[in-house]
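Ligands are counted one by one from 1 in listed order, and the atoms in each one are counted from 1 as well. FYI, the numbering just counts along the sequence from 1. Reckoned from all heavy atoms, side chains included, excluding hydrogens, waters and symmetry mates.
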Amino acid sequence: MTPSPIRAAERYAVIGHPIAHSKSPDIHVAFARQTQQELTYEPLLAPLDGFEATVRALMAQGGRGANVTVPFKIEAFSLATILSERARASGAVNTLRFDAAGIFGDNTDGAGLVTDIVVNAGVAVQGKRVLLLGAGGAARGVILPLLAEQPAQLVIANRSSDKAVTLAGQFASQGPIVAQTFDALDGQFDLVINATAASLADALPPIAGSLFGPHTLAYDMMYGAQPTIFLHFAARHGATVRDGLGMLVEQAAESFLLWRGVRPDTASVLADLRSALGT
Ligand code: ATR
């Protein structure tokens, strides 16, 4: 009788610079354990000028896919030979899958955000008035999945207002998206999403407290042991607040599904991360 072959664990990684503090390895190892998938997942620090070489080395060593984080999401977009529609729309790739046909690039960030808001927080986007703050890569990546939820209106505001105008123009055929300057924003919003990098610098985008009310969910894509200054401000003006930890876990689940064909249960993984953060 021939012994059945021992299958080597399939290899995945997250590539970024810096990478040491990434939570993705913990998340994917937890997903693999939960779904009984044989895989390894490691952090890979790529030199700033060495993203492509790092990807090619991983592929040469039998890697099956990778997550891509700051600052390589645009390079990953260029490297991919086949793109999902949502990756093409966002101009950035956070998930690579190495297939016989080539390098498939996807962007799961927007789906992660929407799942965290709609499923985990239980807040529907359909028919709502939504404000998206920022017009960089983070904002661009979530516009298509947000519009797919059919909000009544998606307003995009950015410090450099021309960038917001350009983005709104690019997505105008996909749904009711308009650009406004910070000064022109008025009335309350049902959902306000902070996709600016302001929280990283402990800064607040120039928004009025009157945008928030008791029916507002204020969402910051950032997360940390303490609520961001944006979430503090929104809570002070009556909003319910939520940080981006759930988005992180949900975008990972969407990548895992793309690679393995199984959707892991995210609730327990998110709860473990929250308790490790102490929030
Ligand atoms: P990311 O990929 O995280 O979106 P990015 O492409 O550099 O990074 O974009 C950063 C976003 O945060 C931009 O919308 C930026 O506004 P500008 O286009 O006007 O630069 C926004 N941003 C950064 N710091 C900010 C601050 N202190 N207040 C308001 N917006 C800020």
Side-chain angles (χ1 to χ4, degrees), residues 14-19 21-24 46 48 51 67-80 86-95 105-114 116 130-146 154-171 177-185 189 191-209 211-212 218-224 226-234 237 243-248 250-252:
V14 56
I15 305 172
H17 186 120
I19 202 63
H21 297 290
S22 171
K23 298 192 188 308
S24 293
L48 287 175
F51 172 70
N67 282 127
V68 180
T69 188
V70 176
F72 299 124
K73 290 185 188 182
I74 311 271
E75 266 188 80
F77 177 86
S78 306
L79 191 61
R86 59 194 182 183
R88 211 174 299 120
S90 64
V93 157
N94 78 335
T95 308
D106 195 4
N107 190 325
T108 65
D109 286 331
L113 172 79
V114 168
D116 193 43
V130 181
L131 172 60
L132 181 63
L133 304 171
R140 193 189 164 102
V142 300
I143 291 175
L144 200 61
L146 278 173
L154 177 60
V155 176
I156 175 162
N158 192 50
R159 189 172 55 181
S160 323
S161 56
D162 55 322
K163 282 204 226 164
V165 171
T166 304
L167 266 193
Q170 280 169 6
F171 287 92
I177 181 169
V178 290
Q180 277 181 1
T181 60
F182 281 115
D183 288 348
L185 296 173
F189 286 86
L191 174 61
V192 181
I193 300 164
N194 186 13
T196 73
S199 300
L200 279 178
D202 236 352
L204 185 67
I207 43 171
L211 302 179
F212 303 96
Y219 195 102
D220 201 322
M221 288 196 194
M222 305 277 164
Y223 60 85
Q226 302 299 326
T228 62
I229 184 168
F230 166 77
L231 293 185
H232 266 300
F233 180 79
H237 291 91
D243 70 13
L245 197 62
M247 175 179 174
L248 177 77
E250 295 299 342
Q251 63 78 30

(request) Could I get the full list of salt bridge (Lys or Arg N to Asp or Glu O under 4.0 Å) partners for D220, not counting sequence neighbours? (result)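 With sequence neighbours excluded, D220 shows a salt bridge (Lys or Arg N to Asp or Glu O under 4.0 Å) to no residue whatsoever.
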Q.
Looking only at side-chain N and O atoms, does D116 offer a donor or acceptor that is under 3.5 Å from a partner on Y219?
A.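 Their side chains do contain a donor-acceptor pair, which is all the 3.5 Å distance test asks for.
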Just by distance, no angles: are the side chains of N194 and T196 close enough, under 3.5 Å, to form a donor-acceptor pair?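 Their side chains do contain a donor-acceptor pair, which is all the 3.5 Å distance test asks for.
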Does T108 form a side chain to side chain donor-acceptor pair (under 3.5 Å) with N94? I'd like the steps, not just the answer. CA-CA 7 Å; T108 65; N94 78 335; 3.0 Å; yes
Next item on the list: Heavy-atom cut-off of under 4.0 Å around ligand 1: list whichever protein residues fall inside it, by chain and number.
Entry: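 Protein residues near ligand 1 are G134, A135, G136, G137, A138, N158, R159, S160, K163, T196, A197, A198, A203.
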**Item:** Atom pair CD1 (I143) and CZ (R86), whose distance is rounded to the nearest 0.5 Å
**Value:**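 Between atom CD1 of I143 and atom CZ of R86 there are 15.5 Å.
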(Q) Check K73 with D109, please: is the shortest side-chain N to carboxylate O separation under 4.0 Å? (A)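 So D109 pairs with K73 through a salt bridge.
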